Asker: 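So that we are looking at the same thing, I have put the structure below in structure tokens.
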Amino acid sequence: MTILYARWPAALAARYREKGYWVDLPLSDILSRHADSDAIALIDGDRHYCYQELEALATRLAAALQRRGLQPGDSALVQLGNVADFYITLFALLKIGVAPVSALFSHQRSEMDAYARQIEPALLIADRQHSLFADDDYLLQLQTRHPALRVVALRNEDNSALSLAAMLAEPATQFVATPSAADDVALFQLSGGSTGTPKLIPRTHNDYYYSIRRSVEVCGFDATTRYLCALPAAHNYPMSSPGALGVFYCGACVVLASDPSATTCFPLIEQYQITVTALVPPAVSLWLQAVNEWGNRHVLASLRLLQVGGARLSEALAARIPAEIGCQLQQVFGMAEGLVNYTQLDDDDEHTFKTQGKPMSPDDEVWIADEAGNPLPVGMTGRLMTRGPYTFRGYYRSPEHNAQVFDENGFYCSGDLVSLTPDGYLCVQGREKDQINRGGEKIAAEEIENLLLRHEDVVHAALVSMEDSLLGEKSCAFIVGRRPLRAVEVRRYLRQLGVADFKLPDRIEMVDSLPLTPVGKIDKKNLRQRLSSQSSLS
């Protein structure tokens, strides 16, 4: 199967090559360039992997999958947590030209079904420790619905025919790497999405590798970096900004954490002398609370840089990081679709605390549009428009949606509402799209509304955001029902449909009717104002 996607115009591609952004190497080069190194690349619990070993394991798995018939142009559905096998699998697939969709470990049946429908995977790699794969029921459903799925490998599996560990133990005799072309799709990233169907973002070797290399330069990563990966490894942010792939590119060390809590991370930072990590704002709040309550700032003494992204960081919280945690703050505003903005390591407090950084590439083209698509002057808030050497040219198999989010010149409208400072820094003001950012986890309102409407007693449903001091935003579902529905009943129903826990409505409000705009759409602004009024009265 050949994976089709929107390519860059020839003139832009030539310019990006001429300027050295695109180097026509496969992403597997990130690891193979250190194949002879005995430096520690990855720490997962008690297991330490040097670069030689990581490269050998990735090659063994690549050879095992190749023997089972996987070919360049095939796709894979992968669901692994923050474990070494995640990176081993990623590099193995890159070596044989198989493009993975890496689902988050928090995703359930609803998300997995959507991804499988879009890519029709030839390969599934998952973990028996996930509830979906604790038995064979869901696995058999996938194989029945998707006949292209011909190879399955499971972590923590006793049956050697399905065991990922058994494949990793097979010798890589006569293996010949078959990576896809540098202009072809290397992997799919996940869109936060504001529509009912999760969108897939094709990332090529050339564009993604440049994003990683440039991020390394901007963020000052080098061979001495010790990076704690505490956010989900499959997220674009801890993968490539510069993330774990940036660390591997430098020949440095990644330490895996199971979650971003202070309880989990602080001992790892002290034990392994971590120098850099990345968090979302809610985790920052909990770290600050832990530092002040426990009085253990000394355990963070090695930490020199804390990156914060995934959701807007308030100025007040930003200012507390260097004062209370004792390290430098770097704000990161990026998107899995491409554009990444960083505050600079030599920025003053005004820029570091009050902006979300500036585009990292000289060829990032950014401007702000009004609702009619006209350019706005500096300082005015409007829609973010961008294109560049690592910003994609279209969602996978989504022509109608692409027509809505790209203009005639190939500029992508991200749905973010931002303003530009005179010196080119972005200040994020909010989201235009109907999306809820729950502590960095994106919830497409339409997706949950469509599922709620499948309930026999739900007549109308609207999901809106409500402010939350810890997570930034939570979700509230306004429901018009044929009978009163209890919150626990609604959440149980969504769980039965396979919805991830973070997408479950935090609050349920039963109402007689939903307010409408003059053109007959649900007036969500009115609903959010109701929640705000209720909050101010409580």
Side-chain angles (χ1 to χ4, degrees), residues 27 30-31 34 39-51 53-54 57-58 78-91 100 102-106 127 155 187 189-190 208 211-212 215-216 219-284 286-287 300 302-310 325 327 330 332 334 336 340 342 439-441:
L27 281 172
I30 290 172
L31 182 60
H34 303 295
I40 297 299
L42 183 64
I43 297 175
D44 177 9
D46 295 332
R47 190 78 163 83
H48 294 209
Y49 299 80
C50 73
Y51 277 91
E53 184 178 11
L54 208 58
L57 287 167
V78 177
Q79 187 179 44
L80 297 170
N82 283 26
V83 292
D85 287 341
F86 172 82
Y87 300 107
I88 293 168
T89 296
L90 174 63
F91 284 114
S102 295
L104 303 183
F105 207 68
S106 60
D127 196 327
R155 192 169 179 270
L187 53 85
Q189 268 295 352
L190 309 179
Y208 212 60
S211 180
I212 292 162
S215 291
V216 164
C219 301
F221 281 28
D222 60 26
T224 67
T225 298
R226 299 182 74 82
Y227 179 84
L228 182 68
C229 182
L231 298 175
H235 259 303
N236 184 64
Y237 172 27
M239 185 186 287
S240 67
S241 297
L245 295 186
V247 175
F248 294 145
Y249 174 77
C250 294
C253 180
V254 174
V255 178
L256 291 172
S258 57
D259 62 75
S261 68
T263 304
T264 298
C265 293
F266 284 13
L268 291 172
I269 291 172
E270 183 176 33
Q271 180 180 358
Y272 295 111
Q273 293 296 285
I274 298 299
T275 60
V276 188
T277 192
L279 296 177
V280 293
V284 173
L286 295 175
W287 277 33
L300 306 179
S302 63
L303 194 65
R304 65 170 180 81
L305 182 66
L306 176 60
Q307 296 181 303
V308 183
I325 294 180
C327 67
Q330 182 177 51
V332 184
V340 184
Y342 296 104
E441 299 283 8

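All heavy atoms count here, side chains included; hydrogens, waters and symmetry mates do not. All of these numbers come straight from a predicted model, not from anything done at the bench. Nothing fancy with the numbering, it's 1 onward along the sequence.
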Asker: Between C253 and I43, is there a side-chain heavy-atom distance shorter than 4.5 Å?
Answerer: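 Counting from C-beta outward, I43 and C253 do come under 4.5 Å.
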Asker: Can you tell if the side chain of V255 reaches within under 4.5 Å of the side chain of C229, non-hydrogen atoms only?
Answerer: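 V255 vs C229: side chains apart.
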Asker: Classify the side-chain pair N236/Y208 by whether it contains a donor and acceptor separated by less than 3.5 Å.
Answerer: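 On atom types as modelled, these side chains qualify, holding a pair under 3.5 Å.
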Asker: Look at the side chain of H34 and the backbone N and O of F248, then say whether any donor-acceptor pair between them is shorter than 3.5 Å.
Answerer: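 Side chain of H34 to backbone of F248: a pair is present.
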Asker: Could you tell me whether the side chains of Q307 and Y237 share a donor-acceptor contact shorter than 3.5 Å?
Answerer: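 No donor-acceptor contact under 3.5 Å links the two side chains.
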Asker: Specify the closest pair of heavy atoms between Q79 and L104, including all atoms of both residues, with the distance to one decimal.
Answerer: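 Reported closest heavy-atom pair: NE2-O, 2.9 Å.
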Asker: Compute whether any side-chain donor of one residue and acceptor of the other, for Y272 and S302, lie under 3.5 angstrom apart.
Answerer: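 Judged by distance alone, the side chains do not pair up.
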Asker: On a heavy-atom basis, which atom in Q330 and which in C219 lie closest, and how many Å separate them?
Answerer: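 Nearest heavy atoms, Q330 then C219: OE1-SG, 3.3 Å.
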Asker: State, to 0.1 Å, how close V280 and G440 come at their nearest heavy-atom pair, and which atoms those are.
Answerer: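 What the structure gives for the nearest pair is CG1-CA, 4.3 Å.
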Asker: What verdict does the side-chain contact (heavy atoms from CB on, under 4.5 Å) test give for L303 and T275, after you've listed the backbone C-alpha separation in whole Å, the side-chain angles of each residue and the deciding distance to 0.1 Å?
Answerer: CA-CA 4 Å; L303 194 65; T275 60; 5.9 Å; no
Asker: Nearest heavy-atom pair of Y227 and A278: which atoms, and what distance?
Answerer: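 The pair with the smallest heavy-atom distance is OH-CB, 3.6 Å.
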Asker: Check whether any side-chain N or O of T264 sits under 3.5 Å from a backbone N or O of S261 as a donor-acceptor pair, and report yes or no.
Answerer: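 No, the answer is negative, given that no donor and acceptor are paired below the 3.5 Å cut-off.
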Asker: Go through L31 and Y87 one step at a time and tell me if the side-chain contact (heavy atoms from CB on, under 4.5 Å) criterion holds.
Answerer: CA-CA 10 Å; L31 182 60; Y87 300 107; over 6 Å; no
Asker: Set out, in order, the CA-CA distance, both residues' side-chain angles and the distance that settles side-chain contact (heavy atoms from CB on, under 4.5 Å) for H235 and E441, then state yes or no.
Answerer: CA-CA 10 Å; H235 259 303; E441 299 283 8; 3.8 Å; yes
Asker: Minimum heavy-atom separation for S102 to L190, with atom names?
Answerer: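 Residues S102 and L190, closest heavy atoms: O-CD1, 3.6 Å.
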Asker: Nearest heavy-atom pair of P238 and L231: which atoms, and what distance?
Answerer: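 Taking P238 first and L231 second, the nearest heavy atoms are CG-CB, 3.9 Å.
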Asker: Answer yes if the ring centres of Y249 and F221 are under 6.0 angstrom apart, and no otherwise.
Answerer: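 No: the rings miss the under 6.0 Å criterion.
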Asker: So, does W287 use its side chain to make a donor-acceptor pair with the main chain of P260 at under 3.5 Å?
Answerer: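 Checking the backbone N and O of P260 against the side chain of W287, a donor-acceptor pair under 3.5 Å is found.
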Asker: Has the side chain of D44 got a donor or acceptor atom that lies under 3.5 Å from a matching backbone atom of V83?
Answerer: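 Here the side-chain-to-backbone pair does not exist.
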Asker: Could you tell me whether the side chains of S258 and N82 share a donor-acceptor contact shorter than 3.5 Å?
Answerer: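 No - no donor-acceptor pair under 3.5 Å links their side chains.
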Asker: With the side chain counted from C-beta on, respond yes when F86 and L256 share a heavy-atom pair under 4.5 Å apart, and no when they do not.
Answerer: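 F86 does not reach L256 side chain to side chain.
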Asker: Test side-chain contact (heavy atoms from CB on, under 4.5 Å) on L300 and F266; report intermediate values, then the result.
Answerer: CA-CA 7 Å; L300 306 179; F266 284 13; 3.6 Å; yes
